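Naming: A, B, ... by sequence-line order, numbering from 1 per chain. It should be emphasised that the depicted structure is a prediction, and the values quoted were computed from it without experimental measurement.
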Amino acid sequence: MSGDNAHNHSQLDSGSRYNDSHKHKEKNKDKEHKHKDHKKDKEREKSKHGNSEHKDFSDKKHRDKDKLKHKDGSSDKPRDKDKYKDKEKRKDEKKSLEGKIKKENGFASPPRIKSEPDGEDFYHSPKSLKRERDDDESDYKPKKIKVENDREDKKDIKPKKKTKNKKGEVADGKKKAKKEPEEKWKWWEEERSTDGSKWKFLEHKGPVFAAPYDPLPSNVKFYYDGKPMKLSTDAEETATFFSKMLEHDYTTKDIFRKNFFKDWRKEMTSEEKAKITDLNKCNFTEMYEYFKAQSEARKQMSKAEKLKIKEENERILQEYGFCIMDNHRERIANFRIEPPGLFRGRGDHPKMGMLKRRIRTQDVIINCSKDSKHPKPPPGTKWKEVRHDNKVTWLVSWTENIQGSIKYIMLNPSSRIKGEKDWQKYETARRLKKIVDRIRAQYREDWKSKEMRIRQRAVALYFIDKLALRAGNEKEEGETADTVGCCSLRVEHMNIYPEKDGQEYVVEFDFLGKDSIRYYNKVPVEKRVFKNLQLFMENKQPEDDLFDRLNTSILNKHLQELMDGLTAKVFRTYNASITLQQQLNELTSPDENLVAKILSYNRANRAVAILCNHQRAPPKTFEKSMQNLQTKIDAKKDQLSDAKRELKSSKADAKVRRDEKAKKTVEVKKKAVQRIEEQLMKLEVQATDREENKQIALGTSKLNYLDPRISVAWCKKWSIPIEKIYNKTQREKFAWAIDMAEDDYEF
DNA sequence: TAATTAACTTAGCAGATTTCAA
DNA sequence: TTGAAATCTGCTAAGTTAATTA
């Protein structure tokens, strides 16, 4: 494995932690698989940033000692079974509580045979879920709904009394009986459906449509060729979309303007069409000013007015923002239909500026239970269709006109249906952990294969594993921005150097990935990989595919054979999570204070974000806020030296006077110095953290790639309040992990 | 078998809201 | 109390993957 520093595993071990299924017999907190098994010594080098200004995190050594030769992926089955037992145990503990819940809800978990077909079953792949539905649906119809996820967390209500009062009046009274959501529903303690159905009962109120167009007041004019011109409603509405974006770079781009103008003309009457032939002669500034003034006015509204709006939004949220799924009231993620506007693609999108049509009732498909109260379409309109498909999770869908793709309304991440899936995702990644050594050994072997397709597959997989590249589906040309992932890399996206900057076999990647975020990375690879790349590139044009015998479908089929549920993206999840765990182990020092520990956490998080190439535009106010912080630091330093001076003189004073009062003064001064020192350190840490974070986005990995149980365990281990790591939304999303992970959880 | 479609996850950004400091 | 900065949230585009269709 010499050349591969990304994955240099040495299996250190500590037998003591060796563990397997028998462990699960003990009563333990191991709600999840706890096996102190793998750890790896791994060095993930990286100087990868889309942008050269990035701080360099290369040379972060990610280290993790592996204890166990848990080589065989298939071995995880018994464990799952044990875990299932564990679950049972927990359930017993919770029995009294549950009994209560059941009664209240009239809801009981479906009776399930204790001996599941196989332990694997809890995390079965969707494929195994083919059984016909046989449960009695009526069990799932709510007799009384439990109110959870109610936005009204105690903390939530800032203007406490007021809101409450008003709500009583304004919001629909019944649901809002303002009970504390006594118990949050712990869906993770319940059985999962095994028949492939996503729900048994689903009821909701349908989507909230975009507000109808509100025509401009007559004094706000559009000018063509210098002359005012009254537009027809449709043409005017479309024009307002453009006018609202006047400040944006988009409106200066040729493609944007061209697309917009073309679609705009479609909205015009024939007279308008005849007259308006050149976008450059259009003057939207009055409209622009009008909207700007409006938004300004909105900011200037009185408190009462603002409150009124807030309450109205809350009312809509309460009415449309929740659904009833299998006896629980669950929050919907996006219950509003996307309003019309101009399409803003990312990067160099060929369709930017096109008109995103208004969605009408007759475009909308509703999905709900047959026996639920179906959502009512607005008066005088009809849904496109009402269907009852419980094999899917969406409540509402429509087809969007730019790409012709389907948009969905689905549940919030805090919901059972999303949470289960998320949990399952991390379990799959953990199964990969158990066999990743084997897989690595295999792809290394495959580099030598006589078959080109095998070699390509093996090299691609190596990149996906080592560099956390995305799979890289082919895309239709001209439909979207030209971005690539691993399988779709082209020759022009890399340079290879037998020797560069003192390193051998260097590959330099430079391409646009998802969202047209640049991926730039220079990385030494093993000789075999290098030779293979040379071969793949031979006799090819820059625009030719690097892996011409490979696509995501072939790759994933291969992965599927290596492990049930394994796909390319599992590697990203796995490598992200394992990196976090290793980095936390490495960076956290026990005697640091809380602030420093959190900095360590952020650094670990940052290592992952860099691995996954999660970038952000530096905040507009970055320089300024950095400056402000520096000013503060300087001031604090002055304050510190003052305090120190005072301490010194008080000490001198005490020496002379030798009375109690003087002694006390010394104590007080000492404390003051300490306090200021702490404050100073906090500021300095903050500055470091912010600087390092300039163009790295931590949120994406935190939300999508890092097994939350790792973070929860870390918090528990070091007595860090979980609020320091996860904000409210995140805590809701990861409630399952917060509840189940103990301080010794291992990914 | 390849192309297309459907479903769902992942992504960055912008505006809203909250927090902080003067 | 106010305004600026920090943080959160909603939005929706852009991916991945599996299923379906040609």
Side-chain angles (χ1 to χ4, degrees), chain A residues 125-127 151 155-156 158 198 248 295 298-299 306 309-310 313 317 321 333-339 341 343-347 349 351-352 356 365 367 389 391-394 397 399-400 402-413 417-418 421-422 425 470-476 479-481 483-488 512-517 551-557 559-560 565-570 572-573 576 609 612-617 619-622 624-629 631-632 635 686 690 695 697-705 726-730 732:
Chain A
S125 63
K127 267 191 253 158
R151 272 274 144 189
K155 280 193 213 151
D156 245 337
K158 274 280 125 94
K198 303 289 169 59
H248 207 288
S295 91
R298 226 171 298 131
K299 278 185 214 150
K306 280 185 184 163
I309 291 173
K310 205 173 160 191
N313 284 337
L317 173 69
N334 55 324
F335 55 90
R336 288 171 198 278
I337 286 198
E338 296 172 18
F343 177 77
R344 313 148 87 114
R346 315 254 167 91
H349 198 117
K351 298 192 169 183
M352 64 168 80
K356 215 171 94 164
I365 302 175
N367 192 31
D389 182 356
K391 300 280 187 281
V392 297
T393 67
W394 54 268
S397 75
T399 302
E400 149 271 353
I402 305 288
Q403 320 271 3
S405 65
I406 308 171
K407 300 275 193 160
Y408 302 94
I409 290 183
M410 293 186 191
L411 295 194
N412 199 58
I417 212 160
K418 292 291 183 191
K421 199 76 187 298
D422 207 35
K425 173 180 77 187
R470 296 187 184 83
N473 288 301
E474 303 100 297
K475 307 169 72 185
E476 223 175 313
E479 293 292 299
T480 57
T483 62
V484 297
C486 186
C487 295
S488 50
L512 296 183
K514 182 177 180 180
D515 293 323
S516 294
I517 297 290
N551 60 40
T552 52
S553 168
I554 295 171
L555 179 64
N556 280 336
K557 239 167 240 157
L559 293 175
Q560 195 57 236
L566 186 62
T567 62
K569 84 189 187 88
V570 178
R572 246 166 108 80
T573 311
C612 295
N613 200 39
H614 290 142
Q615 300 189 35
R616 61 168 184 173
K620 284 180 218 92
T621 55
F622 185 84
K624 202 171 140 213
S625 81
M626 215 56 210
Q627 249 171 26
N628 290 351
L629 195 54
T631 314
K632 267 194 233 171
Q686 204 185 346
R690 194 181 298 170
Q695 37 198 283
L698 299 186
T700 307
S701 50
K702 206 185 226 184
L703 232 46
N704 300 302
Y705 289 104
Y726 290 137
N727 68 32
K728 183 158 162 290
T729 325
Q730 293 163 340
E732 278 167 10

query = Below 4.0 angstrom from OP1 or OP2 of dT17(C), is there any side-chain N or O of Thr567(A)?
reply = yes
request  = Output all residues satisfying side-chain hydrogen bond (donor to acceptor under 3.5 Å, both in side chains) with Lys407(A), sequence neighbours left out; order by chain, then residue number.
outcome  = Glu338(A)
key: Interatomic distance where NZ belongs to Lys728(A) and P belongs to dT19(B) [whole Å]   = 12 Å
ask   = Do any side-chain nitrogens or oxygens of Asn556(A) fall under 4.0 Å of OP1 or OP2 in dT17(C)?
value = yes
key: Contact under 4.0 Å: Ser405(A) side-chain N or O vs dA13(C) OP1/OP2   = no
request  = Go through the steps for Cys487(A) and Leu555(A) under the test side-chain contact (heavy atoms from CB on, under 4.5 Å), then give the verdict.
outcome  = CA-CA 8 Å; Cys487(A) 295; Leu555(A) 179 64; 3.9 Å; yes
task = Could you check Gly472(A) against Ala333(A) and say which one's nearest nucleotide on DNA chain C is further toward the 5' end?
result = Ala333(A)
ask   = OP1 or OP2 of dA7(B) less than 4.0 angstrom from a side-chain nitrogen or oxygen of Ser397(A), does that happen here?
value = no
remark   = Among dG15(C), dA13(C), dT17(C), the one nearest any side-chain atom of Thr483(A) is dG15(C)
Nearest-Å distance for atom pair CG/P, residues Leu698(A) and dA6(C) = 15 Å
note = By nearest-heavy-atom nucleotide on DNA chain C, the more 5' of Val484(A) and Tyr726(A) is Tyr726(A)
request  = Check the pair Thr483(A) / Lys475(A) against side chain to side chain donor-acceptor pair (under 3.5 Å), numbers first and verdict last.
outcome  = CA-CA 8 Å; Thr483(A) 62; Lys475(A) 307 169 72 185; 2.6 Å; yes
request  = Round to the nearest Å and state the distance from Gln560(A) atom CD to dA19(C) atom C1'.
outcome  = 14 Å
Phosphate OP1/OP2 of dA13(C) contacted by Lys407(A) side-chain N/O (<4.0 Å) = yes
request  = Give a yes/no on whether any side-chain N or O of Lys198(A) is located under 4.0 angstrom from OP1 or OP2 of dC8(B).
outcome  = yes
ask   = Taking the side chain of Arg336(A) as its heavy atoms from C-beta onward, which of dT17(C), dC11(C), dA14(C) lies nearest to it?
value = dC11(C)
query = Lys299(A) NZ to dA16(B) P: how many Å, rounded?
reply = 8 Å
key: Nucleotide dC8(C), atom P - distance to CD of Gln730(A) in whole Å   = 7 Å
remark   = Lys310(A) NZ to dA16(B) P, in whole Å, measures 14 Å
ask   = Can you tell me how far C1' of dC8(B) sits from CG of Asn473(A), to the nearest Å?
value = 14 Å
query = Looking at side-chain heavy atoms only, is the closest gap between Thr393(A) and Leu411(A) below 4.5 Å?
reply = no
remark   = Applying side-chain hydrogen bond (donor to acceptor under 3.5 Å, both in side chains) to Glu479(A) and not counting sequence neighbours gives Lys351(A)
inquiry  = Using heavy-atom distances to pick each residue's nearest nucleotide on DNA chain B, tell me which of Asn551(A) and Asp389(A) is more 5'.
reply    = Asn551(A)
task = Check the pair Phe343(A) / Gln403(A) against side-chain contact (heavy atoms from CB on, under 4.5 Å), numbers first and verdict last.
result = CA-CA 10 Å; Phe343(A) 177 77; Gln403(A) 320 271 3; 3.8 Å; yes
note = In B/S/- notation (B base, S sugar-phosphate only, - none; protein heavy atoms under 4.0 Å), nucleotides 9-14 of chain B written 5' to 3' is SBSBSS
request  = Working to the nearest 0.5 Å, report the span between CG of Leu317(A) and CZ of Arg336(A).
outcome  = 8.5 Å
